[in-house]
Amino acid sequence: MLKQSPTNKEIDHILKRGVALVEKEADLRRLLLEGNKGEPLRVKLGVDPTHYDLTIGHAVVFRKLRQFQKLGHKTVVVIGDWTARLGDPSGRVEARKALSAEQVAENSKTYLDQFFRIVDSEQTEVHRQTEWFDKFDLGDAIKLLGYKTVAQMLERDDFSKRYKSGIEISLAEFMYPLLQGYDSVALRSDVELGGTDQTFNLLVGRDLQPIFGQASQQILTMNLIVGLDGEKKMGKSLDNYISMTAPAKDMFGKLMSLPDKTMRTYFEALTEIDEEELDEFDRKMAEGTLNPRDVKLRMAREIVTEFHNAEAAQEGQEAFIRQFSERKLPTDIPDYHLAASQNVVELIVSAGLAASNNKARELIKQGGVSLFARGESGESERITDPNTTIEVIDGAILKVGKRQHIRIKA
RNA sequence: GGGCAGUUACCAAAGUGGACAAAUGGGACUGACUGUAAAUCAGUUGCGUAAGCUUCGAAGGUUCGAAUCCUCCACUGCCCA
């Protein structure tokens, strides 16, 4: 049900918060006020069925969809089961294998399970590209290609970069934006969301719709959050991500390890804290009356609350302070059953704390391994000799590196 | 279709017959410092306790000896048509 007359504040929130670009803001503002002839807007999101472990970066866009839903608009999800076959547009060399229908079904399910943690499934339609593209023939495909020129395709940032630096671009990849654009036609999309990396693809949808007699969709792109390195886009391939389903404690720790400069974007993308308050944080940090650490603790708490709940966030914070501020042992050390006394190096490797004997020895040499013979209450002893034998002492804790621990069990 | 260039460790990139498990930079890891960080400093980064073993796109070959030379194959880029 379309919400009657949303406030300017609500609309601004949708149009501004965490947003990189709105194509034709005035038009979108009008749509948000009036709907599409009084009907809820169809807000589209394309989904790639090859991912299953979603990151909190994906959630940035999901949260924006949720904001639309709160005004009564409809979410329209397209599972990209056709484009997934075309090869990765992010610059990987290998073309992807076609996924079987079963794989698509399975991947989509795990995707949607995570998606619906944030987005309301009641207000969501789910479609697959194969619904319309299975009916496509060569003529349709070529016709689609005819709507764009090579020069236009090369406007896309990653294409032009790759072209200039001599990295291959498969022709099939040119289909990608076109198919994705055609999805908007097939779904009669009013608005499409995506990350800034999707800008070009979303614009293609905008261009195609009038050709098929539809009004152009509005597009809204979100600032993507950077990954744990603080520089690059969060993503699985860079291994700098926080999983949406990460345990609260883990999520908290990772959030705290983010560089200070990323805080504002994270606040804007993943929390509902007012801009005014965020401005005040910035001001006070600049004048030195507020410790950035405390702001980051707040940030981590807010975000963990979004994905879990306030209680889990609080526990995450306590565990974090305990382990890293106070440098005490963590509370949830996994048990490791030790049948007989064993050499440290072997123990470290068989417990999976190092990849090889060499690596384990290296850690020992570097002073990264200590033993708490009496558990957390006792003193720790740094192990410096790789020939040390670890006795079976029930409850003893072995610390390997900064954050790996095992508790020895008889 | 023709010509030229290239393929080296997680990534980038040197190496062009022996001193190469392979320079350098990034990343990662460990320690110190710290706010949890950033910055900085020190160290490590194929496997093996070691002797040694397996690596430089693939396979063969030349050589006492090959990342380096030859043959062939695969892949990529550029130029010409």
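The figures that follow rest on heavy atoms only: side chains count, while hydrogens, waters and symmetry mates do not. Every chain is numbered from 1 and lettered A, B, ... according to where its sequence line falls, protein lines coming before strand lines. Just so you know, these numbers come straight off a predicted model, no measurement behind them.
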Roughly how many Å apart are [M] and [N], using the [atom1] atom of each and rounding to a whole number?
N: B:rG35; M: B:rA39; atom1: C1'; answer: 13 Å
N: B:rA12; M: B:rG18; atom1: P; answer: 26 Å
N: B:rC78; M: B:rC64; atom1: C1'; answer: 41 Å
N: B:rG2; M: B:rC72; atom1: P; answer: 14 Å
N: B:rU54; M: B:rC4; atom1: C1'; answer: 35 Å

Nearest to the side chain of [X], which nucleotide is it out of [options]?
X: A:N357; options: B:rU30, B:rG35, B:rU49; answer: B:rU49
X: A:P292; options: B:rG35, B:rC47, B:rU49; answer: B:rG35
X: A:E362; options: B:rC47, B:rU45, B:rC29; answer: B:rU45
X: A:N358; options: B:rG35, B:rU30, B:rG48; answer: B:rG48

### Message
Would A:Y182 and A:F136 count as a ring-ring contact (aromatic ring centres under 6.0 Å, His included) here? Give the steps.
### Response
CA-CA 11 Å; A:Y182 186 83; A:F136 252 51; 5.1 Å; yes
### Message
If you apply the rule side-chain contact (heavy atoms from CB on, under 4.5 Å), what do you find for A:E306 with A:L270, and how did you get there?
### Response
CA-CA 8 Å; A:E306 290 282 318; A:L270 293 169; 5.6 Å; no
Has [X] got a side-chain N or O lying under 4.0 Å from the OP1 or OP2 atom of [N]?
X: A:S325; N: B:rG35; answer: no
X: A:R382; N: B:rA32; answer: yes
X: A:R293; N: B:rA37; answer: no
X: A:S257; N: B:rA37; answer: no

Heavy atoms only, 4.0 Å cut-off, all strands: where does [X] land among base, sugar-phosphate and nothing?
X: A:K402; result: sugar-phosphate
X: A:R322; result: nothing
X: A:I321; result: nothing

Ion pair check, [X] and [Y], cut-off under 4.0 Å:
X: A:D12; Y: A:R29; value: yes
X: A:R17; Y: A:E272; value: no
X: A:E280; Y: A:K284; value: yes

### Query
Any donor-acceptor pair under 3.5 Å between the side chain of A:D260 and the base of B:rG35?
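Result: at least one qualifying N/O pair found.
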### Query
Between the side-chain atoms of A:Q366 and the base atoms of B:rG31, is any donor-acceptor pair under 3.5 Å?
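Flag unset: no donor-acceptor pair detected.
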Roughly how many Å is it from [atom1] in [X] to [atom2] in [N], rounded to a whole number?
X: A:K359; N: B:rU30; atom1: NZ; atom2: C1'; result: 12 Å
X: A:R361; N: B:rU30; atom1: CZ; atom2: P; result: 19 Å
X: A:Q323; N: B:rU34; atom1: CD; atom2: P; result: 19 Å
X: A:Q317; N: B:rG35; atom1: CD; atom2: P; result: 17 Å
X: A:N240; N: B:rA28; atom1: CG; atom2: P; result: 10 Å
X: A:L297; N: B:rA37; atom1: CG; atom2: P; result: 13 Å

### Task
Show your reasoning for whether side-chain hydrogen bond (donor to acceptor under 3.5 Å, both in side chains) applies to A:N201 and A:Q198.
CA-CA 5 Å; A:N201 295 347; A:Q198 292 296 313; 3.0 Å; yes
### Query
What is the base-pairing partner of B:rU71, counting Watson-Crick and G-U wobble geometry with both distances under 3.5 Å?
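The answer is B:rA59, by the H-bond criterion.
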